[in-house]
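Since the structure comes first, as structure tokens, the remarks are kept for the end.
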Amino acid sequence: MHNSIVKIYFSPTGNTKASVDAIASSIGTDHRDYDVTVDAETAPCVLAAEDFAVIGAPVYGGRIPKLAAARLSRFRGTRTPCIIAVTYGNRHYDDALLELSDLAQAQGFVVRGAAALVGRHTYGAIQTGRPDSSDLAADGEFARKAAQSKESAEIQIAGNRPYRDGGNGGSFRPLTTDACISCGLCAASCPAHAIETDNKTIRDNCISCFRCIRHCPVGAKNMDTERYLTFAAEFSQRLKSRRENEYFL
Ligand SMILES: Cc1cc2nc3c(=O)[nH]c(=O)nc-3n(C[C@H](O)[C@H](O)[C@H](O)COP(=O)(O)O)c2cc1C
Ligand code: SF4
Ligand code: SF4
């Protein structure tokens with residue numbers, strides 16, 4: 001029996017959080033929640049061998065976002081069993097799941113199951129309803145098997161070493177319209193702390209996660225430039241065929 005289920009995730013637009021929640025709730029009810037999307041300041045945290053961790057991150061350029069890797073690295077296991085999950089926007093997860101597995105093992109976790117899960121892409125209109133209820137049900141079924149599995153041979157996870165280049169974020173810098181009511185929500189919830197106190201100026205360390213666009217209560221943040229809209233239309237067309245989730249046990 002596990003002491004507690006410990007959720008650790010980076011999730012600017014919520015796909016990863018939804019998947020981690022589905023995985024965790026299918027294997028236990030006693031949860032601890034470490035959302036590292038915004039807060040970089042929590043002290044290092046050590047999990048016990050009796051805990052069970054669920055660790056999640058999105059895929060950026062086929063890798064774990066560098067910001068996420070840095071924040072996840074503050075958690076250490078004591079041969080603590082875990083499930084790892086990456087969510088990606090229907091293109092591919094490339095080396096991200098392997099990278100997350102390597103990271104978890106280097107931090108003292110034992111990977112019992114790994115999942116590459118499709119979620120709505122940040123850009124364009126790609127798989128906009130995902131993860132859907134059948135995705136989350138399949139996540140739960142996978143998690144129950146992973147949690148019951150005995151520690152045995154190492155799980156074979158798709159991906160290559162050395163990893164491809166990626167994880168830096170994109171080059172889109174959201175705009176702000178006159179509808180802005182200066183509520184400060186975007187600046188307070190920016191994962192990269194890239195929004196100045198005027199709530200409009202965006203620094204170069206922006207990772208183009210579009211959390212500010214999704215969260216703005218009055219729809220003032222946007223990416224309505226010709227360059228983005230042209231890219232998004234072409235990208236959405238190219239990635240319209242549904243990909244399925246992959247589970248490794
Ligand atoms: C900068 C950036 C790079 C991305 N790179 C990829 C990628 O390489 N492959 C892919 O399928 N999706 C990619 N995506 C889409 C995200 O991986 C996907 O939407 C993910 O589920 C977002 O997770 P979240 O909702 O937890 O933030 C990228 C998104 C961003 C913002
Ligand atoms: S969340 Fe929207 S309304 Fe609030 S400060 Fe940011 S842009 Fe302005
Ligand atoms: S400013 Fe950039 S990094 Fe910050 S929430 Fe917006 S898109 Fe994400």
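Each ligand, and each atom within it, is numbered from 1 in the order the structure gives.
Distances from atom 16 (C) of ligand 1 to the heavy atoms of Val118, Asn15, Val59 put Val59 nearest. For atom 24 (P) of ligand 1, the candidate residues are Ile126, Ile207, Thr13, Val20; the nearest heavy-atom contact is made by Thr13. Comparing Cys190, Cys186, Ala220 by heavy-atom distance to atom 1 (S) of ligand 2, the nearest is Cys186.
The distance from atom 2 (Fe) of ligand 2 to the nearest N/O/S atom of His215 is not under 2.8 Å. Not a single N/O/S atom of Cys183, whether from backbone or side chain, sits less than 2.8 Å from atom 8 (Fe) of ligand 2.
In the vicinity of Ile202, heavy-atom distances shorter than 4.0 Å reach the ligand 3 atoms 1 (S). Listed by atom number, the atoms of ligand 1 under 4.0 Å from Ser208 heavy atoms are 31 (C). Heavy-atom contacts of Arg120 reach the following atoms of ligand 1: 18 (C), 19 (O) (cutoff under 4.0 Å). Against a heavy-atom cut-off of under 4.0 Å, Ile195 is close to the following atoms of ligand 3: 1 (S). Near Phe210, the atoms of ligand 3 lying under 4.0 angstrom from a non-hydrogen atom of the residue are 7 (S), 8 (Fe). Interface atoms of ligand 1 facing Pro12, defined by a heavy-atom separation under 4.0 Å, are 27 (O). Every atom of ligand 1 with a heavy atom of Asn90 under 4.0 Å away is listed here by number and element: 11 (O). Close contacts of ligand 3 with Pro191, meaning ligand atoms under 4.0 Å from a residue heavy atom, involve 5 (S). Every atom of ligand 1 is numbered from 1 in the order shown, and the set under 4.0 Å from a heavy atom of Gly61 is 3 (C), 4 (C), 5 (N), 6 (C), 7 (C), 8 (O). Below 4.0 Å from some heavy atom of Arg91 lie the following atoms of ligand 1, by number and element: 7 (C), 8 (O), 9 (N), 10 (C), 11 (O). Taking every non-hydrogen atom of Gly170 and a distance limit under 4.0 Å, the qualifying atoms of ligand 1 come out as 1 (C). Heavy-atom proximity to Gly169, at under 4.0 Å, picks out these atoms of ligand 1: 1 (C).
Taking the six-membered ring for Trp and the full ring otherwise, the centers of Phe52 and Phe109 sit at least 6.0 Å from each other. Aromatic pair Tyr9/Tyr34: ring centres not closer than 6.0 Å. Proximity of the aromatic rings of Phe235 and Tyr123 is defined here by a centroid distance below 6.0 angstrom, and this criterion is not met.
Remark: minimum distance from atom 20 (C) of ligand 1 to any protein heavy atom is reached at Thr87 OG1, 3.4 Å. What sits closest to atom 29 (C) of ligand 1 on the protein, heavy atoms only, is Thr122 OG1, 3.3 Å. Ile207 N, 3.3 Å is the protein heavy atom nearest to atom 3 (S) of ligand 3. Counting only heavy atoms of the protein, atom 2 (Fe) of ligand 3 lies nearest to Cys206 SG, 2.3 Å. Among protein heavy atoms, atom 5 (S) of ligand 3 sits closest to Cys212 N, 3.5 Å. Shortest contact from atom 8 (Fe) of ligand 3 to any protein heavy atom: Cys209 SG, 2.4 Å. Of all protein heavy atoms, the one lying nearest to atom 9 (N) of ligand 1 is His92 O, 2.9 Å. At the top of the distance list for atom 3 (C) of ligand 1, counting protein heavy atoms only, stands Tyr60 CA, 3.4 Å.
When the side chains of ILVMFWY residues are joined at heavy-atom separations under 4.5 Å, either directly or via intervening members, Ile84 and Tyr163 end up in a single hydrophobic cluster.
The pair Lys200-Glu196 does not count as a salt bridge, with every side-chain nitrogen at least 4.0 angstrom from each carboxylate oxygen. The pair Arg242-Asp132 meets the salt-bridge criterion, since a charged nitrogen lies less than 4.0 angstrom from a carboxylate oxygen. Salt bridge annotation for Lys7-Asp21: present, with a cationic side-chain nitrogen under 4.0 angstrom from a carboxylate oxygen.
Residue Ser208 touches ligand 3 through its backbone alone, judged by heavy-atom distances below 4.0 Å. The side chain of Tyr123, and not its backbone, has at least one atom closer than 4.0 Å to an atom of ligand 1 (non-hydrogen atoms only; side chain from C-beta on). With a 4.0 Å heavy-atom cut-off, ligand 1 is reached by the backbone of Ser11 and by its side chain too. Here Ile181 has heavy atoms under 4.0 Å from ligand 2 in both its backbone and its side chain. Within the 4.0 Å heavy-atom criterion, the part of Pro217 lying near ligand 2 is the side chain and not the backbone.
Below 3.5 Å of separation, one finds an N or O of Gly14 facing an N or O of ligand 1. By the 3.5 Å distance cut-off applied to N or O atoms, Lys17 is not counted among the residues near ligand 1. Annotation: Pro58 places no N or O atom under 3.5 Å from an N or O atom of ligand 1; distance criterion only. Between Gly89 and ligand 1, at least one pair of N/O atoms sits closer than 3.5 Å. Ligand 1 has no N or O atom lying under 3.5 Å from any N or O atom of Phe10, backbone or side chain. In terms of polar-atom proximity, Gly119 is not counted as a contact of ligand 1, lacking any N or O under 3.5 Å from an N or O of the ligand.
Considering only heavy atoms from C-beta on, Ile8 comes within 4.5 Å of Leu72 through its side chain. In this structure, the side chains of Phe248 and Gln156 stay at 4.5 Å or more apart for every pair of heavy atoms. Taking 4.5 Å as the limit, some side-chain heavy atom of Val36 sits within range of a side-chain heavy atom of Phe75. Considering only heavy atoms from C-beta on, Leu98 comes within 4.5 Å of Arg161 through its side chain.
In this model, a donor atom of one side chain and an acceptor atom of the other lie less than 3.5 Å apart for Thr87 and Thr16. Residues Tyr247 and Glu141 have side chains that never bring a donor and an acceptor to within less than 3.5 angstrom of each other. Side-chain contact check for Arg32 and Ser4: at least one donor-acceptor pair (N or O, by modelled atom type) lies under 3.5 Å. No donor-acceptor contact under 3.5 angstrom links the side chains of Thr13 and Arg120, judged on distance only. Checking Ser171 against Arg227 by side-chain atom types alone, a donor-acceptor pair falls below 3.5 Å.
The structure places OG of Ser134 at 8.0 Å from CG of Asn245, a figure rounded to the nearest 0.5 Å. To the nearest 0.5 Å, the span separating SG on Cys186 from NZ on Lys221 amounts to 4.0 Å. Between the CD1 atom of Ile155 and the CG atom of Leu97 there is a distance of 9.5 Å, given to the nearest 0.5 Å.
Of the candidates Lys240, Gln127, Arg238, Asn90 forms a side chain to side chain contact (heavy atoms under 4.5 Å, CB included) with just one, namely Gln127.
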